[in-house]
Undergrad: 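First the structure, which I've put down as structure tokens, then a few questions once you've had a look.
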Amino acid sequence: MTGTSTPPGALATPILPAGGLATPCLVVDLDIVARNIERLAAGARDHGVALRPHVKTHKSVALARMQIGAGAAGITVGTVGEAEVMAAAGIDDIFIGYPVWAEGARAQRIAALNRAVTLSVGIDSIDGAVRLAKVVEDGDRPPAVLVEVDSGGRRTGLADPVDVVRVARAARSAGLRVVGVFTHGGHSYRDPEARVPAAADEVATLGAAADALRDDGFAIERISAGSTPTGVLAATGQVNEIRPGTYLLGDRQQLVLGAIPPDGLALVVAATVVSNAVPGQVVVDAGAKTLTKDRASFLEGFGLLPAYPDAVIERLSDYHGAIAIPPGTAAPALGEIVAIVPNHVCPVVDLFDTFVATRAGSIVGHWPVDARGRSG
């Protein structure tokens, strides 16, 4: 496997059922899921921090309930739509970890959520805070907000504690409840050496922001770090909450980064070999509309075939995955169903209505991807 010292033979991936698979499809091993849930839940307990997993990875009510059942303090979502799906299913402590622009119908939806569940929302601008405050109707409790800080990912959030205080003051003046700060250590994804320094960046940046807010009279309840690569590495200093998401299902990227162990790959794409007409190549029925074209700079190809570790998924078109088979190496047969570990599982899951849930290699159901497509 390019970019990692982990031998493919050490990987534990879902066992494909002998029958009942209409490819391409997602196969999720619930035994591995349960192991992943407990591994991180135990890590959070050992570090004395709350675990608020991000459900954007799996978008599944059933899997979110498993996480809460194992002690998660609540969940994180990326969109109002994801929050609505989870709230409708009875999950009642939800953080929208995104600087939501509360305007029009979306503002009304946030107001409804705020009345229905314990809601917290991310902000990183004065204008965003003011708009969010306008969703509160007479008699409603204002939503709690966390100010986002930039710990190095250069995506959203404020890098300077002075700006964090400025936005928090505006939010408080507008009537919002400022309860904390959060960050996403997105730069932990840059290469396999980035996890430890990125976690340190999260801890330092969050601590500086929290100190500045306290000095300005704010009572800070939540200091929240969030990414699977940093995980419990960021559960130190003033951090009292972590928000990883991909850890539950795992993917090739997280494996190579060292963020999940070799036995942490709970999801694979099952695909059928539909052609071997070109010498040195097989083609499967999983293309860009299944695997996506997401590929980190440190990965070769668009996924990993654990049973054929020398094979490289070189090209994707919409419904074709062209796999190069190096000379002298094993190749899957025409008609064979193969397991593929996707590079980045989050967008892959969002392409499917359901996944095949298994235990010990047997199908236990076809479970819905409840929040599929709820990107707004």
Side-chain angles (χ1 to χ4, degrees), residues 3 36-37 39-41 43-44 47 49-59 64 67 72-79 82 95-99 120 122 124 146-159 180-207 209-210 222-261 264-267 294 296-299 342-349:
N36 291 345
I37 287 174
R39 181 185 291 115
L40 199 57
H47 287 78
V49 301
L51 175 61
R52 183 179 293 272
H54 208 311
V55 302
K56 72 179 179 69
T57 296
H58 56 74
K59 297 200 168 198
Q67 291 172 303
I75 62 169
T76 303
V77 299
T79 70
E82 289 176 354
F95 172 44
I96 304 177
Y98 191 91
S120 49
D124 75 349
L146 286 78
V147 182
E148 185 172 10
V149 302
D150 176 14
S151 54
R154 303 295 184 265
R155 186 176 68 180
T156 50
L158 303 162
V181 289
F182 77 106
T183 194
H184 169 62
H187 53 315
S188 60
Y189 286 81
R190 290 175 182 164
D191 61 64
E193 307 303 318
R195 293 173 59 222
V196 172
D201 290 341
E202 284 186 304
V203 174
T205 307
L206 286 168
R222 286 165 54 191
I223 303 173
S224 183
S227 82
T228 290
T230 57
V232 295
L233 293 172
T236 187
Q238 296 188 48
V239 171
N240 60 14
E241 178 181 277
I242 56 174
R243 309 181 324 279
T246 314
Y247 80 95
L248 186 77
L249 298 177
D251 58 24
R252 185 184 180 205
Q253 180 173 248
Q254 299 293 346
L255 181 70
V256 173
L257 288 173
I260 62 167
L265 293 166
L267 177 146
D294 204 341
S297 61
F298 49 82
L299 295 177
N343 285 346
H344 183 191
V345 71
C346 303
V348 170
V349 172

Undergrad: Work out which heavy atom in G258 is nearest to a heavy atom in R195; give both atom names and the distance.
TA: O-NH1, 3.1 Å
Undergrad: Of the options E202, H187, H184, which is the one that meets T230 in a side chain to side chain donor-acceptor pair (under 3.5 Å)?
TA: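 Among E202, H187, H184, the one meeting side chain to side chain donor-acceptor pair (under 3.5 Å) with T230 is E202.
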Undergrad: Tell me whether R52 forms a cation-pi arrangement with F182, defined as NZ or CZ under 6.0 Å from the six-membered ring centre and within 45 degrees of its axis.
TA: no
Undergrad: Can you name the nearest heavy-atom pair linking A199 to A234, along with the distance?
TA: CB-N, 4.0 Å
Undergrad: Give the minimum heavy-atom separation between P99 and T156, together with the two atoms involved.
TA: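 Closest pair (atom of P99, atom of T156, distance): CG-CG2, 4.1 Å.
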Undergrad: With rounding to the nearest 0.5 Å, note down the distance linking OG1 in T79 to NZ in K56.
TA: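 Interatomic distance, T79 OG1 to K56 NZ, rounded to 0.5 Å: 11.0 Å.
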Undergrad: Test your reading of the model: is there a side-chain donor-acceptor pair from T228 to the backbone of P244, 3.5 Å cut-off?
TA: no
Undergrad: Is L257 close to Y189 at the side-chain level, that is, under 4.5 Å between some pair of heavy atoms?
TA: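 Yes, at least one pair of side-chain atoms sits under 4.5 Å.
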Undergrad: Hey, does the side chain of R222 reach the backbone of E241 with a donor-acceptor pair shorter than 3.5 angstrom?
TA: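 Checking the backbone N and O of E241 against the side chain of R222, no donor-acceptor pair under 3.5 Å is found.
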Undergrad: Rounded to the nearest 0.5 Å, what separates atom CG in D251 from atom CD1 in I260?
TA: 6.5 Å
Undergrad: Which distance, rounded to the nearest 0.5 Å, do you find between the CG of L146 and the OG1 of T183?
TA: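 Separation between the atoms: 11.5 Å.
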Undergrad: Drop me the distance from H47's NE2 to L233's CG, to the nearest 0.5 angstrom.
TA: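 The NE2 atom of H47 sits 7.5 Å away from the CG atom of L233.
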Undergrad: Are the side chains of T57 and V349 in touch, meaning some heavy atoms are under 4.5 Å apart?
TA: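 T57 vs V349: side chains apart.
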Undergrad: Over all heavy atoms of both residues, which pair between N36 and A266 is shortest? Give the atoms and the distance, please.
TA: ND2-CB, 4.1 Å
Undergrad: Treating R243 as the side-chain partner and H54 as the backbone partner, does any N or O pair qualify as donor plus acceptor under 3.5 Å?
TA: no
Undergrad: Closest heavy-atom contact between V149 and A209?
TA: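 Looking at all heavy atoms of both residues, the shortest contact is CG1-CB, 3.7 Å.
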Undergrad: Would you say D294 and P342 make side-chain contact, with heavy atoms under 4.5 Å?
TA: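 D294 does not reach P342 side chain to side chain.
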Undergrad: Does D150 reach the side chain of T205, with side-chain heavy atoms less than 4.5 Å apart?
TA: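 Not in contact.
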Undergrad: Report yes if the side chains of T246 and C346 come closer than 4.5 Å at any heavy-atom pair, otherwise no.
TA: yes
Undergrad: Is it true that a side-chain atom of N240 and a backbone atom of I223 form a donor plus acceptor pair closer than 3.5 Å?
TA: yes
Undergrad: State, yes or no, whether a side-chain contact exists between Q67 and V55 at a heavy-atom distance under 4.5 Å.
TA: yes
Undergrad: Is the shortest heavy-atom distance from the side chain of R190 to the side chain of F298 under 4.5 Å?
TA: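 No, too far: nothing below the 4.5 Å cut-off.
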Undergrad: Keeping D124 on the side-chain end and L158 on the backbone end, is there a donor-acceptor pair under 3.5 Å?
TA: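 No; judged by distance alone, with no hydrogens or angles, the pair does not exist.
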